[in-house]
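As structure tokens, the structure follows; a few thoughts come after it.
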Protein chains: 2
Amino acid sequence: MKNVEFPDPTIERLCCYRRILSALLAAGHARVYSHELAAAQRVTPAQVRRDVMLIGYSGSPVKGYDIAGLLDRIGEILDPPGGVGVVLVGVGYLGRALLAYFAGRKSPIPVVAAFDVAPETSGQLIHGCHCYHIDELSSFLSRRSILVGIVAVPAEAAQKTARELIDGGVRALLNFAPVQLDVPQNVYVENVDIAVSLEKTAFFAQSMSLEKED
Amino acid sequence: MKNVEFPDPTIERLCCYRRILSALLAAGHARVYSHELAAAQRVTPAQVRRDVMLIGYSGSPVKGYDIAGLLDRIGEILDPPGGVGVVLVGVGYLGRALLAYFAGRKSPIPVVAAFDVAPETSGQLIHGCHCYHIDELSSFLSRRSILVGIVAVPAEAAQKTARELIDGGVRALLNFAPVQLDVPQNVYVENVDIAVSLEKTAFFAQSMSLEKED
DNA sequence: ACTATACTGTGATTGTCTTCACAGCGTGAA
DNA sequence: TTCACGCTGTGAAGACAATCACAGTATAGT
């Protein structure tokens with residue numbers, strides 16, 4: 001098995017391609033050209049072709065790519081063979097929003113359980129997801145094979161939460177807390193920092209308004 | 001005035017530096033070395049020094065950087081002179097989570113108003129933010145100078161929302177909807193795509209578990 | 001059968017961001 | 001006053017990703 005790793009930005013684009021391809025397939029299309037896929041994103045046709053090349057798929061000249069086939073191939077790359085279990089820690093406003101978000105769309109990656117310190121959330125079923133007290137996290141992780149943990153707790157609790165998840169066997173974290181998590185090198189952390197995103201947006205709003213109108 | 005633009009990744013790091021510097025200042029520190037700042041993030045000391053150089057600040061050898069001075073300088077870069085107004089569109093689960101998030105921390109960038117299609121949210125005060133019906137958006141924007149819009153509506157409504165915001169004078173969007181917004185070139189869009197983030201995390205969880213333990 | 005066409009596949013190039021490595025310098029000790 | 005130390009500032013090199021540009025090719029039309 002080739003253990004070639006795909007570059008980070010390519011993985012991100014593959015997720016987006018998949019979304020668009022699914023929509024196209026649902027709309028009755030069977031084939032797509034690189035420039036069509038590119039137009040739906042903010043990328044160049046050459047970028048699309050290179051990504052497709054990277055994952056080892058081929059289209060035909062003249063007719064473009066077969067949507068169903070390309071979708072399958074992307075799925076082979078992105079979707080883990082046995083499926084990944086995902087747990088959510090932190091059922092505050094953000095945690096609930098995430099549960100609603102993932103419950104709404106029939107996601108390929110369902111959240112199997114949620115945990116929180118607040119006793120009143122224990123036993124609740126929120127947006128279709130069972131909630132437990134945080135104390136039950138370790139035993140839950142030891143019983144199920146969970147590879148991904150979503151950290152949606154306040155900043156102060158984030159590091160402790162991360163450690164518990166990692167000790168339980170989780171290999172990657174999706175971190176919404178505004179802190180840099182200290183994790184072993186064999187654990188992947190994807191940070192989603194809303195405050196930083198907003199500050200960045202505000203900065204570019206400012207610099208945009210200085211530029212020429214187009 | 002030098003209109004030199006800073007690279008995107010630098011802006012992101014500046015936001016993080018600021019957060020760390022504030023914490024250090026609050027903890028009573030007065031000076032910091034590049035390697036200390038670097039350790040708190042996942043960056044190299046050289047990266048920190050280059051960023052500091054870029055924004056035109058200088059530390060002293062031996063003593064490092066003056067925290068208060070560096071914070072001021074970062075603020076001059078990141079914070080718009082007159083402050084940016086921010087409005088939120090979409091007061092669903094995610095929108096409420098965002099309001100709670102920004103209300104909790106005394107953010108340098110407050111959300112001044114929120115809008116939604118649901119009539120029952122109109123007139124409410126959610127986490128300290130006034131909510132209005134979406135129909136009032138245009139007139140609100142024409143009365144106030146708003147540079148940033150947060151799009152937290154369902155995917156189907158996102159493009160329409162974006163257009164209304166841009167027509168109202170907004171120059172940058174923070175987009176949580178899982179679609180690529182079609183905007184003029186002089187409008188900046190920062191996408192926060194939670195579904196993509198989770199899929200990406202799941203992918204790397206998988207590839208991490210194939211690698212050597214450290 | 002032949003030709004024109006418009007696409008894909010990809011080596012080469014460009015551009016951008018990160019890292020290296022060392023000169024320069026201010027401080028504190030002798 | 002002199003020296004040694006450990007930091008900063010930065011030109012140069014390196015790594016990486018995006019783009020260009022064109023050869024190769026399958027199809028449709030004549």
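Sequence lines set the chain letters: A, B, ... in the order given, protein chains first and strands last, and positions in each chain run from 1.
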With sugar-phosphate meaning primed atoms plus P, OP1 and OP2, does A:Ser34 contact a base, only sugar-phosphate, or nothing at under 4.0 Å between heavy atoms? sugar-phosphate

Need one value for A:Arg31: base, sugar-phosphate or nothing, where a base atom within 4.0 Å counts as base even if backbone is also close, heavy atoms only. nothing

Counting the benzene-type ring for Trp, do A:Tyr188 and B:Phe203 have ring centres under 6.0 Å apart?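 A:Tyr188 vs B:Phe203: aromatic centres not under 6.0 Å.
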
Could you check whether A:His127 and B:Tyr93 have their ring centres less than 6.0 Å apart? yes

Can you tell me the distance, in whole Å, between the [atom1] atom of [X] and the [atom2] atom of [N]?
X       : N      : atom1 : atom2 : value
B:Lys63 : D:dC5  : NZ    : C1'   : 16 Å
B:Arg73 : D:dT8  : CZ    : C1'   : 18 Å
A:Met53 : D:dC22 : CE    : P     : 19 Å
B:His35 : D:dC5  : NE2   : C1'   : 14 Å
B:Arg50 : D:dG11 : CZ    : P     : 8 Å
B:Arg49 : D:dG6  : CZ    : P     : 15 Å
A:Asp8  : D:dA17 : CG    : P     : 8 Å
B:Tyr57 : D:dT10 : OH    : P     : 15 Å

Looking at B:Arg31, B:Arg49, B:Glu36, which hits side chain to side chain contact (heavy atoms under 4.5 Å, CB included) with B:Tyr65? B:Arg49

Do NZ/NE/NH1/NH2 and the carboxylate oxygens of A:Asp72 and A:Arg18 come within less than 4.0 Å?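 No salt bridge links A:Asp72 with A:Arg18.
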
Tightest non-hydrogen contact, residues B:Arg19 and A:Val179, listed as NH1-N, 4.4 Å

If you round to the nearest 0.5 Å, how far is CD1 of B:Ile74 from CD1 of B:Ile55? 5.0 Å

Calculate, to the nearest 0.5 Å, the distance between atoms CG and CG belonging to A:Leu14 and A:Leu78 respectively. 5.5 Å

Distance below 4.0 Å between [X] side-chain N/O and [N] OP1 or OP2:
X       : N      : result
B:Ser58 : D:dG9  : yes
B:Ser60 : D:dT8  : no
A:Gln47 : D:dA17 : no

Reading DNA chain C from 5' to 3', where do the contacts with chain A start and stop? Cut-off is 4.0 Å to heavy atoms. C:dC7 to C:dA12

